[in-house]
There are 2 protein chains.
Amino acid sequence: MSDVARVAGVSVMTVSNVVNGRPRVSAETRLRVLEVVADLGYEVNLTAKRLRAGRTGTVALVVPRFDHPYFGELAGRFATLLGEKGLHLAVEQSGASREGELSAVSHARLHMYDGVILSVVGLHYDDVDRLRTDLPIVLLGEQVVPERFDHVMMANVEGARLATAHLLERGSRRVAMAGGTPSGPSTGASELRSEGWRAAHRDAGLEPPEDLLVPMPDLEAATAHRVVAEALARARERGALPDAVFAVTDQVSLGVRAALHDAGLRVPQDVRLIGFDDLGLVQHVPPGLSSVDPHNGWIVERATDLLLSRIAGSTEPPQHLVAPASIAARASTA
Amino acid sequence: MSDVARVAGVSVMTVSNVVNGRPRVSAETRLRVLEVVADLGYEVNLTAKRLRAGRTGTVALVVPRFDHPYFGELAGRFATLLGEKGLHLAVEQSGASREGELSAVSHARLHMYDGVILSVVGLHYDDVDRLRTDLPIVLLGEQVVPERFDHVMMANVEGARLATAHLLERGSRRVAMAGGTPSGPSTGASELRSEGWRAAHRDAGLEPPEDLLVPMPDLEAATAHRVVAEALARARERGALPDAVFAVTDQVSLGVRAALHDAGLRVPQDVRLIGFDDLGLVQHVPPGLSSVDPHNGWIVERATDLLLSRIAGSTEPPQHLVAPASIAARASTA
DNA sequence: ATGAAAGCGCTAACAT
DNA sequence: ATGTTAGCGCTTTCAT
């Protein structure tokens, strides 16, 4: 910038004014400066600008993994919405581990950003509680989190209840839950959604068939494929196949679909199937997979609003929002 | 930092030395400073550190869209590898448009990063040629790009040739190409892969059946689903159904799979199907979709090596690398 | 309409 | 082992 100033015969301040389109610069000075800028190929140094401004114009989204379609869809929505508000999105990966997430939210790292949207999969309550809050943070995800943070989550119980009721209404009577968890403290998506599965059974006057919960070590499609294949083999031996499956996520639903195919079971004729997340791709997986629509658009809008108002200095009490949920019915539950 | 220095009764330089773990600080001074740091909750300001250092420790990956599984998988691999090298990855979305990509690679934006890996979908040769090169940039993608850039691409022609040959070897004789392009300048993935499809036919002594190319306005699964459904309906009227489909990408393959299902055609009994990219999810889409494995691991390693050596100041002539390709054979081509 | 001075938080280089 | 000086590139404030 000082080079430009020297060559153009003006002060750096005038260059700054021209480059930033501020008024009070004569047309001819502006022109001359612009010429020199082009000649010298000058470009602002954002790092310096930010040091001075004390803000970065960039928001971070920290997700457990880049390679899960759910987070890809989420990131796309955030990028679009933030772009409209003149902010930039950088996506970081926390690695789905406590360590990764803790390091991803270390203030050292995050001071690069004006605010952070953090998907808290893998962080425990105490870890979140330990986070300093002098940086605007909005939490996403199905964990229970400390009161003092803004938090937007899905309607886990209600969505699962809707999905299970959807199956029961269509006449299914042995509704398995892939990725379900035996009763326990309600601390994550799997637990909450299992509660919804139980609630739907009770609403229908049925005892929740706990033997049809199929727990999994993780919620990858490959894991679901393997675990459900084994569960189906055992159920078949006992002559006790399910007639429907509620999968805790669409990734799991995909694995279940594959396992059912391998077992020679037709969807929906032999077994109905519904997932959770409504990933764009599940409508293209034969025969078209039903899913719980978690209203990601709503989640992204609310999270963005909360973050922006915190960045603007809002000291409102922290909010804890739950998105609506609805059923995207497709052929797999027809 | 100066607050810490004052309270601890030392100079800011000593604080800097302690905080950065540099030697030549007495144990007791170090201890005292660390205590004050904890008391005051001091954290380094990375922006200032970077302004001073002139480098950011962060590399950007610019992808067309966050919500395409291929880029999610790619980003995950880059993040892991760069993490091992002590660098941080931020992913940016260009929006798959010329404008988006140009703004994403504007120097103003990119000066935040030590280097950039840019996926050039949507950029024309001239646009790329206009990029300044005082920042290390490695190009990814199937476009033809100016010589002066490092570039890593897939084996498009060879991969498509392998896929098509794989189908022909298994006895298919009417191999359609979903997302194929009638002969023309070889400027993108679709064109190059169509060339491979032609080459395999010629290798087998067959005339490429140009009427079995099914062009598409974009390569979304939904588009493929619709376009292929229409093409199948027309083909059926003429009694000229294909007995195999090579899909230009796995996203397209997914759409083709759905269209085949809707048309009552079985995979692989009535129609064999193979895609390109080997996304993790296609092995779980019934009956398990074959695909061309583009060796993403190789691509990511090479691109990272190139970028890091440029960042380190290498002035080697620019490299243009082509990854190996192989067939991941699954039930859809059995 | 333009400019000079000061300083954002940090560290390399050079004292002591 | 510790401190002083200078400056990274920019903008805010206060002249002129």
Side-chain angles (χ1 to χ4, degrees), chain A residues 1-37 40-58 88 106-114 132 134-135 311, chain B residues 1-37 40-58 88 106-114 132 134-135 311:
Chain A
M1 194 177 250
S2 67
D3 287 352
V4 175
R6 188 161 22 74
V7 175
V10 297
S11 74
V12 289
M13 213 38 237
T14 300
V15 178
S16 173
N17 287 332
V18 169
V19 168
N20 291 282
R22 300 199 193 89
R24 303 190 171 209
V25 181
S26 72
E28 59 183 320
T29 307
R30 179 181 307 276
L31 214 64
R32 186 153 34 92
V33 170
L34 251 21
E35 243 167 50
V36 176
V37 163
L40 268 48
Y42 164 82
E43 312 225 19
V44 285
N45 179 323
L46 278 190
T47 308
K49 188 169 190 156
R50 284 164 180 200
L51 172 61
R52 185 62 236 230
R55 28 176 284 118
T56 67
T58 302
H88 189 75
S106 80
H107 265 65
R109 276 231 50 69
L110 294 185
H111 255 309
M112 296 175 57
Y113 304 111
D114 291 345
R132 306 249 318 284
D134 47 356
L135 180 80
I311 290 174
Chain B
M1 193 176 250
S2 66
D3 288 350
V4 175
R6 189 161 21 75
V7 175
V10 296
S11 74
V12 289
M13 211 41 234
T14 300
V15 178
S16 174
N17 286 332
V18 170
V19 168
N20 291 282
R22 300 199 193 89
R24 304 192 171 208
V25 182
S26 72
E28 57 182 323
T29 307
R30 178 179 306 275
L31 214 63
R32 186 152 34 92
V33 170
L34 252 18
E35 243 167 51
V36 178
V37 162
L40 269 48
Y42 164 82
E43 312 224 20
V44 285
N45 179 323
L46 277 190
T47 309
K49 189 169 188 153
R50 284 162 181 202
L51 172 61
R52 183 61 236 229
R55 28 176 285 121
T56 68
T58 302
H88 189 75
S106 80
H107 265 63
R109 275 231 51 69
L110 294 185
H111 255 308
M112 294 176 57
Y113 304 111
D114 291 346
R132 306 245 320 280
D134 47 355
L135 179 80
I311 290 174

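What you are looking at is a predicted structure, and each value in this text was computed from that prediction instead of being measured.
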Passing candidate, side-chain contact (heavy atoms from CB on, under 4.5 Å) with A:Val18, options A:Val10, A:Leu31, A:Leu34 |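 By the side-chain contact (heavy atoms from CB on, under 4.5 Å) criterion, A:Val18 pairs with just one of A:Val10, A:Leu31, A:Leu34: A:Leu34.
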Whole-Å distance between [N] [atom2] and [X] [atom1]?
{"X": "A:Asn20", "N": "D:dG9", "atom1": "CG", "atom2": "P", "answer": "16 Å"}
{"X": "B:Arg52", "N": "D:dA6", "atom1": "CZ", "atom2": "C1'", "answer": "8 Å"}
{"X": "A:Arg24", "N": "D:dT12", "atom1": "CZ", "atom2": "C1'", "answer": "14 Å"}
{"X": "A:Glu43", "N": "D:dC8", "atom1": "CD", "atom2": "P", "answer": "19 Å"}
{"X": "B:Arg55", "N": "D:dC8", "atom1": "CZ", "atom2": "P", "answer": "19 Å"}

Quick note, B:Met13 side chain, CB onward, closest among D:dC10, D:dT12, D:dT4 is D:dT4
Gap between atom CG of A:Leu51 and atom OG1 of A:Thr56 - 0.5 Å precision =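 Result: 12.5 Å between the selected atoms.
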Roughly how far apart are A:Arg6 CZ and A:Leu40 CG, rounded to 0.5 Å?
->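 Here the rounded value is 8.5 Å.
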Closest-nucleotide ordering on DNA chain D, the 5'-leading residue of B:Thr14 and B:Leu51 |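 The residue whose closest nucleotide sits nearer the 5' end is B:Thr14.
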The answer to which of B:Ser16 and A:Gly9 contacts DNA chain C further toward the 5' end, by nearest nucleotide, is A:Gly9
Taking for each residue the nucleotide of DNA chain C bearing the nearest heavy atom, is the 5' side occupied by A:Val12 or by A:Pro23?
-> A:Pro23
Would you check if the side chain of B:Asp114 reaches a backbone N or O of B:Arg55 as a donor-acceptor pair within less than 3.5 Å?
-> no
Between which nucleotides of DNA chain C, read 5' to 3', does contact with chain B run, using atoms under 4.0 Å from its heavy atoms?
-> C:dG9 to C:dA13
Would you please test B:Arg22 and B:Ser16 for side chain to side chain donor-acceptor pair (under 3.5 Å) and show each step?
-> CA-CA 8 Å; B:Arg22 300 199 193 89; B:Ser16 174; 3.2 Å; yes
Just wondering, do B:Tyr113 and B:Leu135 contact through their side chains at under 4.5 Å, heavy atoms?
-> no
Check DNA chain C against residues 25-36 of chain A and give the residues with a non-hydrogen atom under 4.0 Å, in numerical order.
->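 Per residue number, the list reads A:Val25, A:Ser26, A:Thr29.
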